[in-house]
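What follows is one structure encoded as structure tokens, with my remarks underneath.
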There are 2 protein chains.
Amino acid sequence: MGEPRTPEAAARDVEAVLRLLEGRWKLELLFHLFGGQVQRYSDLERLVPGISQKMLAQQLRQLEADGLVTRTVYPQVPPKVDYRLTPWGQALCPALDAMLQWSALRAGLTEGHDAARAPGAH
Amino acid sequence: MGEPRTPEAAARDVEAVLRLLEGRWKLELLFHLFGGQVQRYSDLERLVPGISQKMLAQQLRQLEADGLVTRTVYPQVPPKVDYRLTPWGQALCPALDAMLQWSALRAGLTEGHDAARAPGAH
DNA sequence: CTGCATCCTGGCCGATACTG
DNA sequence: CAGTATCGGCCAGGATGCAG
């Protein structure tokens, strides 16, 4: 497969991933959709206190454009729209878990040893 | 251990991690330090074309403050300073690999199935 | 209910110049 | 060599109001 060889290429690829997750609210939205949860716009507005309507819509649209979430519009009045993760979005879990586990390492690694390998260089 | 239970807590933890990696140059700097590489200030300036001295110093200081890199000053003239990853910084690799692998999934998952679990909920 | 349009602010970041 | 100091542009994102 095409593992990145140069630091620059690897950095670019990871940056592309980070860019999908960046933004003040994306992760929190994602976490409210994991495990197959389906949420309406108003659900998310309630679940994410402090988010403005503009940002809620904007971040959801970006997540949709990036292929992470599916937006479903029900043609009815009053309008109903719901959001759920795509399979690819669900597949983010292991990566987020890896970050969580890494951050948990901090406690035991303020003093420690070494040994590591470069990402992409299995 | 304390795996996050609520989406809010998990989101906060992952966001904290992302915040360490955010910034225009952090990842590229990190990738130039993986595998135990030791780089001087001027090495990094050369390895990362386009970065200004201000940003180079600033991002390195942040990485140092966040416990990802070690800054070593050699008291001599001309001055010499080098940077290397802390053990915790090295331990970032698996997490970055997970993101790389996730992004590689995109190809095969534009059409797909489902099933996933929430991060932190092993 | 579910958004988009507009205005505005803070902070990131680049450019340039200067220092021990 | 390895930074610090200063100025300023740009834009993510908050507040508010309007629309289908």
Side-chain angles (χ1 to χ4, degrees), chain A residues 8 11-12 14-33 37-66 68-84, chain B residues 8 11-12 14-30 32-33 37-66 68-85:
Chain A
E8 294 79 8
R12 272 208 326 278
V14 179
E15 269 165 32
V17 171
L18 287 223
R19 196 147 298 120
L20 302 183
L21 273 18
E22 256 175 16
R24 183 93 195 317
W25 308 99
K26 296 241 188 83
L27 281 172
E28 189 161 352
L29 291 172
L30 252 15
F31 273 97
H32 283 294
L33 293 169
Q37 293 175 83
V38 179
Q39 308 280 9
R40 299 185 52 170
Y41 182 90
S42 50
D43 292 330
L44 292 168
E45 193 170 9
R46 175 176 36 79
L47 289 167
V48 184
I51 195 173
S52 68
Q53 294 181 320
K54 169 190 170 185
M55 290 314 295
L56 180 52
Q58 187 177 102
Q59 307 276 301
L60 284 169
R61 295 313 183 109
Q62 281 183 27
L63 290 172
E64 187 196 10
D66 291 334
L68 283 158
V69 314
T70 304
R71 178 172 179 268
T72 310
V73 182
Y74 299 85
Q76 62 184 39
V77 306
K80 172 181 169 180
V81 180
D82 65 35
Y83 298 87
R84 72 196 69 199
Chain B
E8 294 80 7
R12 273 208 326 278
V14 178
E15 269 166 30
V17 171
L18 286 234
R19 197 148 295 119
L20 302 183
L21 273 17
E22 258 174 14
R24 180 84 200 296
W25 307 99
K26 295 244 188 80
L27 281 173
E28 190 161 353
L29 291 172
L30 254 13
H32 283 293
L33 294 170
Q37 293 176 85
V38 178
Q39 308 280 10
R40 300 183 51 167
Y41 181 91
S42 50
D43 291 331
L44 293 169
E45 193 171 9
R46 175 177 36 79
L47 289 167
V48 184
I51 196 172
S52 67
Q53 294 182 319
K54 170 191 171 184
M55 290 314 295
L56 180 52
Q58 187 179 102
Q59 308 276 300
L60 284 170
R61 295 314 181 109
Q62 281 183 30
L63 290 171
E64 187 196 11
D66 291 334
L68 283 159
V69 314
T70 303
R71 177 172 178 269
T72 309
V73 182
Y74 300 86
Q76 63 184 37
V77 308
K80 172 179 170 180
V81 180
D82 65 34
Y83 298 87
R84 71 196 69 198
L85 291 180

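Just so we're on the same page: letters track the sequence lines, and every chain starts at 1.
Between the CG atom in A/L21 and the CG atom in B/L21 there is a gap of 11.0 Å [rounded to 0.5 Å]. One finds the CG atom of A/L33 at 10.0 Å from the CG atom of A/L68 (value rounded to the nearest 0.5 Å). A distance of 10.0 Å separates CD of A/Q59 from NZ of A/K54, quoted to the nearest 0.5 Å.
Scored by the side-chain contact (heavy atoms from CB on, under 4.5 Å) test, B/V77 finds no partners at all (sequence neighbours excluded). Partners of B/R84 by salt bridge (charged side-chain N to carboxylate O under 4.0 Å, His left out), not counting sequence neighbours, listed by chain and number: B/D82. By the salt bridge (charged side-chain N to carboxylate O under 4.0 Å, His left out) test, A/D66 pairs with no residue at all, sequence neighbours left out. Remark: A/R71 engages A/R61, A/E64, A/V73, A/V81, A/Y83 in a side-chain contact (heavy atoms from CB on, under 4.5 Å) (not counting sequence neighbours). The side-chain contact (heavy atoms from CB on, under 4.5 Å) test applied to A/Q37 returns A/Q39, not counting sequence neighbours.
Here the closest non-hydrogen pair linking B/V48 and B/H32 is CG2-CD2, 3.9 Å. Taking each heavy atom of A/L30 and A/L63 in turn, the nearest pair found is CD1-CD1, 4.0 Å. The shortest heavy-atom contact between A/V69 and A/L60 is CG2-O, 4.0 Å.
Screening residues 17-30 of chain A for side chain to side chain donor-acceptor pair (under 3.5 Å), with sequence neighbours left out, gives A/K26-A/Q62.
Overall, the helix from C/dC1-D/dG20 to C/dG20-D/dC1 carries an axis bend of 50° between its ends, with five pairs at each end and the value rounded to 10°.
For residues 53-61 of chain A, proximity to DNA chain C is found at A/Q53, A/K54, A/A57, A/R61, defined as any non-hydrogen atom under 4.0 angstrom from a strand atom. For residues 15-30 of chain B, proximity to DNA chain C is found at B/G23, B/R24, B/W25, defined as any non-hydrogen atom under 4.0 angstrom from a strand atom. Non-hydrogen atoms lying under 4.0 Å from DNA chain D are contributed by B/P78, B/P79, B/K80, B/V81, all within residues 73-82 of chain B.
A nucleotide of DNA chain D counts as in contact with chain A when one of its atoms lies under 4.0 Å from a heavy atom; the first and last such, 5' to 3', are D/dG13 to D/dG20. Nucleotides of DNA chain C with any atom under 4.0 Å from a heavy atom of chain B span, from 5' to 3', C/dC13 to C/dG20.
Across all strands shown, B/S42 has heavy atoms under 4.0 Å from sugar-phosphate atoms exclusively, and none from any base.
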Q: Take A/L56 and A/L29, measure what side-chain contact (heavy atoms from CB on, under 4.5 Å) needs, and give me the verdict at the end.
A: CA-CA 9 Å; A/L56 180 52; A/L29 291 172; 3.7 Å; yes
